[in-house]
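This report refers to the structure that appears directly beneath it.
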Amino acid sequence: MKGASPEQVEYLLKRGVAEVIVEEDLKDRLLAGDRLRLKEGFDPSFPDIHLGHVVGLRKLRQFQDLGHQVVLIVGDWTAQIGDPSGQTVTRPMLSADAVKANAQTYMEQFFKIVDESKTEVRWQSEWFAGFNLADVIQLTSKFTLAQMLAREDFNQRYQQNQPISITEFLYPLLQAYDSVAIEADVEFGGTDQKFNLLVGRELQQMIGMKPQNILTTPLLIGTDGVKKMSKSLGNYIGVADLPEEMFGKIMSIPDELLISYYELLTDISHKELMDMGLALNDENVNPMQLKKKLALQIVEYLYDNKAALDAEAHFRQTVQKRELPDEINEHPLNTKEPTLKDFIALAGLAKSRTEAKRLISQGAVEVDGQNVTDMNYPLKPGNIIKVGKRRYVKCI
RNA sequence: GGAGGAGUGCCGGAGCGGCCAAUCGGAGCAGACUGUAAAUCUGCCGCCUGGAAGGGCUACACAGGUUCGAAUCCUGUCUCCUCCA
């Protein structure tokens with residue numbers, strides 16, 4: 001395999017990368033043209049991919065485009081333990097069928113970004129199903145408590161007298177063993193995975209294998225502008241989100257996030273990034289325009305050009321001009337004296353009638369474009385009800 | 001095995017016999033503003049009824065009990081945590 005050019009390597013190891021360990025080694029191998037096995041794992045308890053994951057997956061794809069091989073590991077065993085990164089709550093064990101279904105969902109999204117033809121899919125159960133107690137003891141005996149406590153979140157919890165389950169220590173060990181099993185050359189992950197990735201290196205070394213390099217990618221901040229993007233925090237933009245939805249969510253990110261989103265999720269050049277930074281400080285430039293461009297690029301990347309343009313048009317119409325969307329959900333009127341408050345609750349625009357009444361009294365409800373505060377406003381078929389900024393339902 | 005502590009609304013966390021559907025913060029929703037950004041201000045934020053005032057119901061781990069009256073006291077159960085071994 002032909003080696004990569006110094007420029008390519010520079011881009012590969014710098015753009016959208018938090019840290020590379022060991023940088024010199026990986027650089028040399030890329031230049032030399034070694035075909036590398038790139039390890040990426042996922043936990044089938046959480047099958048949905050969001051833009052935060054996309055950062056790393058794009059990096060994988062860049063490596064693939066130079067000829068390297070991705071090995072995707074389905075973490076069907078570690079899923080049962082639960083990654084201790086962050087606050088862990090004991091997770092229910094998934095049935096084999098659920099794991100399979102989740103893996104399927106995950107991969108559909110995964111291959112929107114990663115090249116399937118250069119990907120090998122492996123299941124942890126291939127090597128862990130045959131593990132017995134002796135193997136477990138052997139594996140665990142290689143590590144010490146001190147090593148585990150080197151990890152920041154373990155240490156923190158330990159200091160604060162918070163419980164750490166023994167199985168949580170197993171999580172990084174199993175993940176590390178994966179690296180041994182598939183003979184990984186480079187493992188990818190977010191910066192919060194650093195410890196786990198390093199354990200992989202150590203284990204490989206102990207076993208006499210060349211230790212993998214690791215490449216961590218920065219954590220993308222979610223739509224709230226504060227915390228890392230995550231499904232459980234509800235601040236995520238999903239790869240499987242519909243184009244309009246995706247477009248809208250991207251438009252709602254705080255301006256401060258623009259540059260980092262461009263840097264981590266698009267290929268625009270370093271120079272353009274710098275220019276954009278300047279533009280954002282210019283009074284005459286409306287950041288909304290830059291955000292629209294971003295939304296267009298991302299939707300196009302995950303869908304296609306047409307979907308992106310349609311999503312933008314949809315955004316302009318419903319959000320910016322506050323016009324009616326092309327498609328409005330319909331809900332049948334109740335036969336007997338349908339009143340506004342009942343209908344709103346029944347049509348699912350409010351969780352309960354009490355909430356429906358609250359919304360009406362707060363002036364959040366319009367019928368055919370007219371603000372209505374009468375709870376018992378009589379509805380007729382064809383009326384279009386708007387609740388809040390842009391939730392519509394048509395009576396039929 | 002022993003000692004002690006804790007379980008409150010979506011989350012955190014007050015309350016510790018009536019004034020408690022429950023202080024406060026966060027999240028969320030709505031309104032104003034606006035670039036569906038951020039920030040800010042205002043209102044709401046268990047369910048049912050009512051235009052509202054009001055009324056009713058269900059709720060403070062679970063099950064009982066004491067009391068005119070319990071999230072608050074007692075008993076039992078479950079769960080979690082800490083310390084000693």
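Letters A, B, ... mirror the listed sequences (proteins, then strands); counts begin at 1.
When the C1' atom is compared between G7(B) and A71(B), the two are found 12 Å apart, to the nearest whole Å. With both ends at atom P, the span from A14(B) to G65(B) equals 31 Å, rounded to whole Å. Taking atom P in both U8(B) and G2(B), one finds a spacing of 27 Å when rounded to whole Å. Atom C1' of C74(B) sits at a distance of 26 Å from the matching atom of U82(B), rounded to the whole Å. Atom name C1', nucleotides C83(B) and A70(B): the rounded distance is 32 Å, in whole Å. Comparing the C1' positions of U75(B) and A27(B) gives a spacing of 39 Å, expressed to the nearest Å. U40(B) and C47(B) have their C1' atoms separated by 33 Å, given to the nearest Å. Rounded to whole Å, the separation between the C1' atoms of U77(B) and A21(B) comes to 27 Å.
Judged by distance alone, the side chains of Gln64(A) and Thr119(A) do bring a donor and an acceptor atom under 3.5 Å apart. Judged purely by distance below 3.5 Å, without hydrogens or angles, the side chains of Glu187(A) and Ser179(A) pair a donor atom with an acceptor atom. Using modelled atom types, one finds a donor on one side chain and an acceptor on the other under 3.5 Å when comparing Thr339(A) with Asp342(A). In summary, the side chains of Ser125(A) and Asp76(A) do present a donor paired with an acceptor at a separation below 3.5 Å, with no hydrogens or angles considered. A donor-acceptor contact under 3.5 angstrom links the side chains of Glu202(A) and Gln147(A), judged on distance only.
In this structure A53(B) sits in no base pair that meets the Watson-Crick or G-U test at under 3.5 Å. When both distances must be under 3.5 Å, the Watson-Crick or G-U wobble mate of A14(B) does not exist. In this structure G35(B) sits in no base pair that meets the Watson-Crick or G-U test at under 3.5 Å. When Watson-Crick and G-U wobble pairs are counted only if both distances are under 3.5 Å, A27(B) pairs with no nucleotide at all. In this structure U79(B) sits in a base pair with A6(B), meeting the Watson-Crick or G-U test at under 3.5 Å. Figure legend. C20(B) is base-paired to no nucleotide; pairs are counted as Watson-Crick or G-U wobble with both atom distances under 3.5 Å.
Within the structure, a side-chain polar atom (N or O) of Ser352(A) is placed less than 4.0 Å from OP1 or OP2 of C48(B). The side chain of Ser252(A) places no N or O atom within less than 4.0 Å of a non-bridging phosphate oxygen (OP1 or OP2) of A37(B).
The nearest whole Å value for the distance from the NZ atom in Lys292(A) to the P atom in A37(B) is 13 Å. Atom CG of Asp374(A) is separated from atom C1' of G51(B) by 8 Å (rounded to the nearest Å). If you take CG of Asn286(A) and C1' of U36(B), they are 13 Å apart, rounded to a whole angstrom. Protein atom CG of Leu346(A) is 14 Å distant from nucleotide atom C1' of C48(B), rounded to whole Å. Here G35(B) presents its C1' atom at 12 Å from CG of Leu290(A), a figure rounded to the nearest Å. Look at CD1 on Ile221(A): it is 15 Å from P on A38(B), rounded to the nearest Å. Distance, Asn235(A) CG to A38(B) C1': 16 Å, rounded to whole Å. One can place CD1 of Ile344(A) at 17 Å from P of C29(B), the figure rounded to the nearest angstrom.
Checked by atom type and distance alone, the side chain of Gln212(A) pairs as donor or acceptor with a backbone atom of Leu197(A) at under 3.5 Å.
In terms of polar N and O atoms assigned as donor or acceptor, the side chain of Lys357(A) comes within less than 3.5 Å of the base of G50(B) in a complementary pairing.
In this structure, of G43(B), G35(B), C48(B), it is G43(B) that holds the atom nearest to the side chain of Gln362(A). Of the candidates G50(B), C47(B), U36(B), U36(B) carries the atom nearest the Phe315(A) side chain, counting heavy atoms from C-beta on. Listed nucleotides: C29(B), A38(B), A52(B). Nearest to the side chain of Arg391(A): C29(B). The side chain of Asn376(A) approaches G51(B) more closely than any other nucleotide in the set C48(B), A30(B), G51(B). With distances taken from any side-chain atom of Met251(A) to the nucleotides G51(B), C47(B), U36(B), the minimum falls on U36(B). Comparing G31(B), G35(B), A37(B) against the side chain of Pro254(A) picks out A37(B) as the nearest. When the nucleotides A37(B), C29(B), U36(B) are ranked by their closest atom to the side chain of Lys291(A), A37(B) comes out on top. Here the side chain of Arg358(A) is nearest to one of C44(B), U36(B), G35(B), namely C44(B).
Classification of the His50(A)-His53(A) ring pair by plane angle, with boundaries at 30° and 60°, yields parallel.
Each of Phe247(A) and Val387(A) has a nearest nucleotide on RNA chain B; the 5'-most of these lies closest to Val387(A). Judged by closest nucleotide on RNA chain B, Gly363(A) is the one of Gly363(A) and Lys351(A) placed further toward the 5' end.
Residue Leu257(A) is out of contact with every strand shown, counting any heavy-atom pair closer than 4.0 Å.
With a 6.0 Å cutoff to the six-membered ring centre and a 45° limit on the axis angle, Lys112(A) does not count as a cation-pi contact of Tyr106(A).
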